Amino acid sequence: MKDSKQKQFSRRQFLKATGGATALAGVASAGFIMAIPQKSFAMPLPKKWDSEVDVLVIGSGFAGLAAGIEAAEAGAVTVIIDKMPVPGGNSIINGGLVSAAGSPKQDKEKINDSPDLMYKDMLKAGLGLNHQALARVVTEKSNEAVQWTIKHLGAQYKDRNLHLGGHSVPRSYYTTNSSGSGIVRPQLNKVKDLGIPLKLNCYLEQVYRDEDGRIKGVNVREGYKFLKEGSGQSISIKVRRGVVVAAGGFANDVIYRKIQDPKVDDKVQCTNHQGATAECLKELLRLHANPVQLSWIQLGPWSCPLEKGMGIGYIFAINAAFPYGIMVSPKTGKRFINELADRKIRADAIINTGEWAVGIADQEGVKRTAKIDKMLERGIVKKFDTIEALAKEYKINVAEYKKTIFQYNSFVKSGKDTEWGKPFQSDCKPITTPPFYGMYLWPKAHHTMGGAQINTKAQVIDLNQNVIPGLYAAGEITGGVHGAVRLGSVAITDCLVFGRIAGKQVAGEKPWA
Amino acid sequence: MASECFIIIKRRIIIGLSLTGCVSIFLISLFYQTVFSSDVLGNANSLKAYHSDAELSCNDCHTVENEVQNIPATDDCLECHGDMEAVAQLTADKDPNPHDSPHYGPYLDCDLCHHEHKISENYCGGCHEWVSSVP
């Protein structure tokens with residue numbers, strides 16, 4: 001860090017002392033490879049600031065609140081802002097599963113786990129695209145972070161660990177109320193106890209990065225009404241130590257996500273809250289933060305297009321249709337993927353068929369499915385006396401579909417899916433027992449893996465691999481931790497670990513004024 | 001000649017009718033805009049029945065003098081309605097209870113859903129289908 005500052009300093013002096021052309025030649029010969037002109041991010045600072053803080057945190061989800069709490073506890077005058085009229089972003093509507101490797105709960109259940117094993121699981125799912133140092137930090141501090149939510153914040157978890165897809169062992173804590181709010185609300189209580197102002201309806205307009213490269217303040221709109229551009233009143237805030245950007249992912253920003261992955265277009269719905277949009281990420285890019293893997297947008301393959309958001313249909317998919325039934329494409333009447341492959345593989349396969357898939361299970365298959373009555377009542381799942389009636393409703397190629405079921409049932413009987421390699425659970429039975437249940441499946445955008453590059457101190461890294469002084473980021477807005485595919489329940493761990501690191505680090509920054 | 005006259009008259013009638021049509025569509029749309037547009041709702045002085053029955057005046061909610069535009073804060077609502085936990089109790093028999101969200105608990109601002117001078121909305125509807133009429 002010291003080195004990079006010195007480099008920037010000497011280069012700037014050099015540019016001042018020489019003409020542009022010779023400067024460029026000099027830069028090239030000094031070994032700076034195609035350096036982006038540093039000053040294009042700079043904006044004149046306001047002559048007079050409207051207010052002043054040590055630390056400004058943008059976003060009030062897991063990461064932002066963790067950063068705010070740590071910064072305030074380290075003595076920094078801290079303010080948290082959120083553009084939405086409610087706190088908590090996606091975190092407060094999240095499913096409340098958080099992984100911890102080597103936890104007391106695992107000790108109690110005699111589960112042998114370690115940060116190293118969790119790291120290996122993450123890299124396997126992430127196709128090795130993970131930034132290894134960041135993934136290491138998340139795994140090594142995972143247990144510490146979860147224990148912090150219990151001991152320091154008073155979060156409550158259910159008794160048992162959950163074993164989620166892609167994890168080698170059960171390692172996910174599950175909040176008592178089955179929601180991320182089981183962590184966010186204790187965080188909000190702590191924020192209140194510490195007297196940290198949490199300003200809702202407060203929209204980040206612009207971050208001031210000065211000519212010397214340092215972050216110096218922000219412009220925000222107070223009294224902003226979500227989606228009403230230009231609403232509220234613009235004020236400037238001088239930020240003495242640093243800005244933490246923890247504004248979340250962009251899965252609900254159709255235009256931006258479609259640019260990154262054209263398959264994730266406006267036909268694809270989203271499990272996220274409405275505010276999961278890209279403007280803060282774009283502001284980071286304007287400040288020359290380095291983008292990492294923005295195209296890796298995780299879709300959930302378990303969702304039903306007939307309901308909004310996460311909904312409840314996924315419960316039928318993950319408990320009945322995928323493990324005990326089949327998924328077919330109506331056009332062909334055929335299966336097209338292992339129904340228990342990872343999220344990415346299944347979601348891509350559905351999209352590639354070009355039409356809503358149909359998840360099917362029989363009465364045996366739905367035995368373990370909660371809320372099936374509610375799904376039937378809402379018309380998300382439908383029930384039929386015969387497989388032909390089901391085919392008619394979903395306009396499935398009935399001749400092929402009958403062959404598919406016949407063939408699948410023979411796989412179940414033999415215990416081996418020679419077509420798609422689905423692993424059969426020991427209690428899996430052929431699809432024969434009426435009534436039969438069907439549900440449309442179409443993936444929904446769920447998590448944006450990519451984002452701004454950070455280092456292990458949560459400092460934002462610029463296009464030339466230098467630290468941007470005074471700028472931190474944590475959580476879904478950053479990229480690299482999860483690589484290509486995020487494992488379920490590691491998002492909260494990531495947010496808590498890097499949120500806390502960002503808070504501690506930014507509080508230790510030397511004030512610029 | 002007679003037939004030509006007839007055609008002219010017919011044209012005039014058509015034009016006349018079209019003009020009347022345009023004017024009436026304009027007037028109807030103006031009426032709808034004025035009365036039903038969520039931002040205008042006719043007169044800003046209108047109160048919903050439960051508040052007019054309680055004989056509230058503007059100043060009961062708009063507490064800052066000469067600042068009719070200022071939007072009452074949730075605390076202003078709670079002056080009469082009790083604290084947020086108490087409000088949640090009022091609808092405790094509903095499933096889900098709109099005043100006690102699994103995500104936010106009872107701590108949401110009233111004006112996310114309830115509007116006095118325009119049609120109320122269901123904030124939960126941003127993510128959930130279940131329809132709940134909001135007074």
Side-chain angles (χ1 to χ4, degrees), chain A residues 60-61 82 84-96 175-186 188-189 191-192 198 200-201 223 225-228 231-232 252 269-276 303-313 371 374-375 377-380 444, chain B residues 37-41 44 61-64 67-78 83-85 87-88 92-134:
Chain A
S60 65
D82 198 300
M84 300 302 286
V86 299
N90 265 341
S91 304
I92 208 163
I93 62 167
N94 136 313
T175 54
T176 308
N177 73 348
S178 311
S179 168
S181 65
I183 299 168
V184 175
R185 276 156 73 180
L188 289 168
N189 289 339
V191 163
K192 205 172 170 189
L198 168 54
L200 300 177
N201 298 307
K225 288 264 179 238
F226 179 57
L227 294 182
K228 276 197 181 162
S231 58
N252 227 342
Q269 294 181 57
C270 183
T271 63
N272 289 202
H273 82 126
Q274 295 173 54
S303 46
C304 175
L306 297 180
E307 58 179 348
K308 277 185 190 172
M310 194 73 191
I312 54 173
K371 292 191 183 174
K374 208 149 224 175
M375 291 177 228
E377 188 191 309
R378 294 185 190 172
I380 295 157
K444 293 186 186 178
Chain B
S37 156
S38 59
D39 280 342
V40 183
L41 199 73
C61 298
H62 299 283
T63 48
V64 186
E67 282 273 353
V68 187
Q69 286 293 321
N70 76 81
I71 299 165
T74 292
D75 283 346
D76 294 323
C77 308
L78 297 180
D83 62 23
M84 288 170 149
E85 286 85 354
V87 173
D93 57 327
K94 293 194 174 187
D95 178 28
N97 182 350
H99 295 124
D100 191 6
S101 145
H103 313 297
Y104 308 101
Y107 310 111
L108 284 183
D109 284 328
C110 306
D111 71 346
L112 279 180
C113 298
H114 299 283
H115 306 305
E116 188 62 30
H117 307 309
K118 58 181 183 181
I119 297 160
S120 292
E121 60 191 309
N122 174 14
Y123 186 81
C124 304
C127 295
H128 299 286
E129 286 48 49
W130 36 266
V131 184
S132 172
S133 67
V134 184

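From a predicted model like this one, the values you see are computed outputs, not experimental measurements. Just so we're on the same page: letters track the sequence lines, and every chain starts at 1.
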**OP:** Just jot down the side chain to side chain donor-acceptor pair (under 3.5 Å) partners of B/His115, sequence neighbours excluded, or say none.
**Re:** B/Glu121
Original post:
Partners of B/His99 by side chain to side chain donor-acceptor pair (under 3.5 Å), sequence neighbours excluded?
Top reply: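 So B/His99 forms a side chain to side chain donor-acceptor pair (under 3.5 Å) with B/Thr91.
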For [X] versus [Y], what's the shortest heavy-atom pair and its separation?
| X | Y | answer |
| --- | --- | --- |
| A/Lys374 | B/Asp95 | NZ-OD2, 4.2 Å |
| B/Tyr123 | A/Pro85 | OH-CG, 3.9 Å |
| A/Ser181 | B/Pro102 | OG-O, 2.8 Å |

Subject >> Winner by heavy-atom pair count (cut-off under 4.5 Å) against chain B, out of A/Thr271, A/Val86, A/Asn177 >> reply: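 Heavy-atom pair counts peak at A/Val86.
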**OP:** Walk me through it: do B/Tyr107 and A/Leu188 pass the test side-chain contact (heavy atoms from CB on, under 4.5 Å)?
**Re:** CA-CA 11 Å; B/Tyr107 310 111; A/Leu188 289 168; over 6 Å; no
Once rounded to the nearest 0.5 Å, what's the spacing between atom [atom1] of [X] and atom [atom2] of [Y]?
| X | Y | atom1 | atom2 | value |
| --- | --- | --- | --- | --- |
| A/Ile92 | B/His103 | CD1 | NE2 | 8.5 Å |
| A/Met310 | B/Cys127 | CE | SG | 12.0 Å |
| B/Asp109 | A/Asn201 | CG | CG | 8.0 Å |

Original post:
Is it the side chain or the backbone of A/Glu307 that comes within 4.5 Å of chain B heavy atoms, both, or neither?
Top reply: both
Subject >> NZ (A/Lys371) with more than 12 external heavy atoms under 6.0 Å >> reply: no
